[in-house]
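The structure appears right after this line, and notes come after that.
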Amino acid sequence: MKETIPTNFIRQIIDTDLASGKHNSIQTRFPPEPNGFLHIGHAKAICLNFGIAQDYNGLCNLRFDDTNPEKEDIDYVHAIKKDVQWLGFEWAGDIRYSSDYFEQLHDFAIELIKKSLAFVCFLNGDEMREYRGTLNKPGKNSPYRDTSIEENLSLFEKMRNGEFKEGECSLRAKIDMTSSFMCMRDPIIYRVRFAHHHQTGDKWCIYPMYDFTHCLSDAIEGITHSICTLEFQDNRRLYDWVVDNVSVPVKPHQYEFSRLNLEYTLMSKRKLNMLVEDKLVDGWDDPRMPTIAAFRRRGYTPASMREFAKRIGVTKMENTVEMSVLEACIREDLNDNAPRAMAVLDPIKLVIENYPEDKTEDLTVKNHPSDESQGTRIVPFSGELFIEAEDFREEANKKYKRLVIDKAVRLRGAYVVTATRCDKDEQGNVTTVYCTYLEDTLGKNPTDGTKPKGVIHWVDADKSLDATVRLYDRLFTVPNPAATDDLQQVMNPESLVVIKTAKVEPSLTAAKPEQAYQFERQGYFCLDNNITKTGDLVFNRTVGLRDTWAKISK
RNA sequence: AGGGAUAUAGCCAAGCGGUAAGGCAGCGGGUUUUGAUCCCGUCAUUCAGAGGUUCAAAUCCUCUUAUCCCUGCCA
């Protein structure tokens with residue numbers, strides 16, 4: 001794929017910081033919360049953060065933002081690590097966890113208390129909300145706001161020691177209850193939770209909040225450019241307040257970009273989790289999901305995902321990217337790199353009546369039409385083949401460039417045949433087509449100067465293998481499913497079509513999971529990476545070929 | 001007594017006072033043993049709108065409009 005280095009406003013800021021000497025080296029981080037699988041929107045953030053580190057000779061940490069043990073799970077940390085690596089990135093040093101810093105964070109909280117910038121508050125949830133005010137109404141100070149430093153120190157100590165119940169009290173920063181930034185109205189920075197944590201076990205019963213944790217974790221790690229999404233723009237004021245009021249050696253800065261929206265899918269972890277929980281899909285890596293794991297299972301390549309991230313760019317504009325951009329990226333990669341093979345999804349029999357009975361041939365076929373380095377393979381041929389049902393019509397107009405009675409067509413990589421007649425079942429469906437072949441047309445056109453206008457794919461009836469093929473399509477019928485209340489209503493009933501009676505050429509026994517093939521004239525497919533029985537041939541369609549015929553025939 | 005952001009083609013997106021890049025999609029044509037690929041051509045007299053500054057404005061100023069985000073002990 002093209003090797004142009006992208007430019008965007010964040011890279012421009014970095015260029016300026018480097019030129020001015022504000023920074024001599026660049027340190028970024030990708031900070032997922034392990035509460036679900038990463039989706040393609042995260043891939044955008046990963047490519048941004050790791051890509052910057054790469055291009056500027058800097059470093060990028062992978063840090064799990066694990067301050068909410070009730071929603072997080074170790075399984076998600078494993079999945080996330082795998083996704084980042086699969087995308088082709090390497091994090092600096094060890095994996096980081098915000099929970100690694102709990103002790104330091106605790107000390108910083110004490111520092112705030114000592115500066116009279118934090119206090120233990122006993123307001124309950126409802127009271128807290130009432131005191132907070134609204135967008136148009138200032139909040140009022142908590143009655144606990146003026147507790148003495150000594151008393152606060154002691155109360156916070158008690159919080160840590162588990163002497164208060166969940167929700168009974170919290171530690172709050174003392175900022176400004178009249179601020180127009182809601183997050184500055186004395187935000188909670190620690191809450192009591194008697195929850196087991198996947199990293200720290202039962203060591204803590206108080207957990208720091210995001211706004212307190214994230215900025216300080218950045219500072220501890222020496223992050224120079226802390227990149228996050230637009231919804232945190234207001235939070236930047238709190239980010240700055242915290243690093244300004246606590247003794248950290250460096251003050252990182254936060255920059256926000258717009259998150260990715262993709263047509264016909266969802267990009268909210270919460271909603272994706274609902275699909276999984278409600279069994280509307282078959283897990284986080286169901287190939288219809290927009291998760292990185294699902295794209296991998298579907299046959300997308302890391303390079304295609306990186307190319308996608310590059311093409312969509314990074315700005316502060318709200319955006320919804322069309323699916324066609326993603327599809328163009330994977331087609332471009334796979335067109336160059338996927339070996340070709342033949343598979344018949346909806347088979348009908350083709351009998352070549354003038355082909356010598358019992359004769360079989362091993363035809364040598366190119367694995368790629370233009371890239372000779374991909375070599376050739378053997379495809380068995382005989383007088384009985386399977387072809388695609390839609391590739392035959394008893395009669396058709398000139399636009400139809402396939403097999404028609406009394407018309408010639410090229411069998412891909414093999415001979416030119418002319419259909420003579422066909423058999424049908426009781427319902428009138430064609431079951432067998434009879435034809436004659438021109439012996440001297442292997443690798444050349446008929447000697448009479450005619451040239452068949454069409455080419456169709458086929459497999460040998462006897463030596464082809466049974467396979468299951470799963471055709472995936474968009475999960476939703478509407479471009480913006482997030483805007484509807486009932487997701488089930490807008491799910492695409494044809495998002496998955498399973499074909500259990502496909503026939504594929506024998507070379508496909510060598511297929512490896514996730515390894516792409518182009519099934520000629522149909523699309524790109526790969527062997528599923530979650531096959532229950534070894535030896536089963538289950539192919540997932542990554543994406544179809546561009547199909548101008550579909551437009552013409554409409 | 002609200003505040004924070006954003007507006008350039010159908011969708012993304014460059015542009016940073018000197019006369020609208022590129023990609024995807026679309027459209028027209030050519031090559032082709034994949035209706036694929038590839039190749040060629042085409043696709044914004046105008047940058048949310050209205051004023052203003054300037055020899056010159058998508059870029060600077062003013063006002064207006066639209067959209068998104070913020071009132072979790074989530075991140």
Side-chain angles (χ1 to χ4, degrees), chain A residues 2 4 7-8 12 31-33 35 65 67-68 70-71 121 123-125 128-129 132-139 166-172 178-185 187-193 207 209-211 213-214 228-237 256 258 263 269-270 310-329 331-332 335-336 340 342 365-366 368-370 399-402 409-414 416 441 443-445 451-457 518-523 544-553:
Chain A
K2 298 164 216 141
T4 50
T7 177
N8 58 53
Q12 287 172 349
E33 185 190 10
N35 65 345
D65 213 339
T67 57
N68 188 4
E70 291 168 319
K71 285 193 177 151
C121 182
L123 253 26
N124 66 33
M128 192 85 76
R129 201 170 308 121
R132 188 157 37 225
T134 70
L135 297 178
N136 299 303
K137 204 179 78 191
E166 287 188 6
E168 188 176 354
C169 62
S170 59
L171 183 71
R172 292 226 261 164
T178 67
S179 175
S180 52
F181 295 101
M182 297 301 288
C183 65
M184 296 297 267
R185 318 246 264 223
I188 291 173
I189 57 177
Y190 264 93
R191 79 286 215 181
V192 177
R193 284 289 177 280
Y207 289 96
M209 301 290 287
Y210 165 84
D211 285 305
T213 308
H214 198 93
C228 65
T229 44
L230 249 31
E231 65 271 26
F232 293 100
Q233 286 177 119
D234 287 359
N235 299 246
R236 187 175 67 242
R237 278 70 184 186
E256 311 88 11
S258 54
E263 280 192 341
K269 260 200 228 176
R270 203 189 101 253
K310 192 192 292 182
R311 288 188 190 185
I312 60 176
V314 176
T315 67
K316 297 175 83 135
M317 268 186 276
E318 294 289 337
N319 62 84
T320 303
V321 176
E322 291 176 348
M323 225 22 133
S324 63
V325 181
L326 218 206
E327 291 175 347
C329 292
R331 286 193 185 113
E332 185 176 301
N335 177 56
D336 289 346
R340 314 286 120 129
M342 289 195 283
V365 178
K366 288 204 284 188
H368 191 279
S370 53
K399 277 187 181 171
Y400 185 81
K401 303 197 295 179
R402 307 180 185 188
V409 78
R410 160 76 64 183
L411 292 177
R412 178 69 163 155
V416 171
T441 53
K444 49 183 151 177
N445 284 320
K451 189 182 168 190
K453 57 187 173 185
V455 178
I456 64 171
H457 60 276
Q518 184 196 104
F519 289 174
E520 292 208 62
R521 302 210 306 132
Q522 300 192 116
L545 255 29
R546 258 188 81 232
D547 190 359
T548 43
W549 168 243
K551 280 182 222 161
I552 297 165
S553 58

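No experiment lies behind these values; they were computed from the predicted model shown. Protein chains get the first letters and strands the later ones, always in sequence-line order, with residue 1 at the start of each.
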Could you tell me whether the phosphate oxygens of [N], OP1 or OP2, come under 4.0 Å of any side-chain nitrogen or oxygen in [X]?
X        : N     : answer
A:Thr67  : B:A75 : yes
A:Arg191 : B:C74 : yes
A:Thr320 : B:C11 : no

Rounding to the closest angstrom, what is the interatomic distance between [N] and [M] at atom [atom1]?
N     : M     : atom1 : result
B:G15 : B:C70 : P     : 29 Å
B:C38 : B:G23 : P     : 13 Å
B:G17 : B:C61 : C1'   : 14 Å
B:U45 : B:G22 : P     : 16 Å
B:U53 : B:U65 : C1'   : 23 Å
B:C73 : B:A66 : P     : 32 Å

Under 4.0 Å, counting only non-hydrogen atoms across every strand here, what does [X] touch: a base, just sugar-phosphate, or nothing?
X        : answer
A:Tyr207 : nothing
A:Asn68  : sugar-phosphate
A:Met209 : sugar-phosphate
A:Asn235 : base
A:Thr315 : sugar-phosphate
A:Gln12  : base
A:Leu135 : base

To the side chain of A:Ile188, which of B:G26, B:C73, B:C70 is closest?
B:C73

Where the side chain of A:Glu322 is defined as all heavy atoms beyond and including C-beta, which of B:A1, B:G10, B:U71 is the nearest nucleotide?
B:G10

Between [N] ([atom2]) and [X] ([atom1]): distance, integer Å:
X        : N     : atom1 : atom2 : result
A:Arg185 : B:C73 : CZ    : P     : 13 Å
A:Leu326 : B:G23 : CG    : C1'   : 14 Å
A:Tyr210 : B:C74 : OH    : C1'   : 11 Å
A:Glu231 : B:U6  : CD    : P     : 15 Å
A:Glu327 : B:C11 : CD    : P     : 18 Å
A:Lys137 : B:G2  : NZ    : P     : 14 Å

Do A:Met317 and A:Leu230 have side chains that approach each other closer than 4.5 Å (heavy atoms only, starting at C-beta)?
no

Counting primed atoms plus P, OP1 and OP2 as sugar-phosphate and everything else as base, spell out the protein contacts along nucleotides 28-41 of chain B at 4.0 Å heavy-atom distance: B, S or - for each nucleotide, 5' to 3'.
-----BBBSS----

Stems for RNA chain B (at least 3 consecutive Watson-Crick or G-U pairs, under 3.5 Å) come to B:2-7 with B:65-70, B:10-12 with B:22-24, B:26-30 with B:38-42, B:48-52 with B:60-64

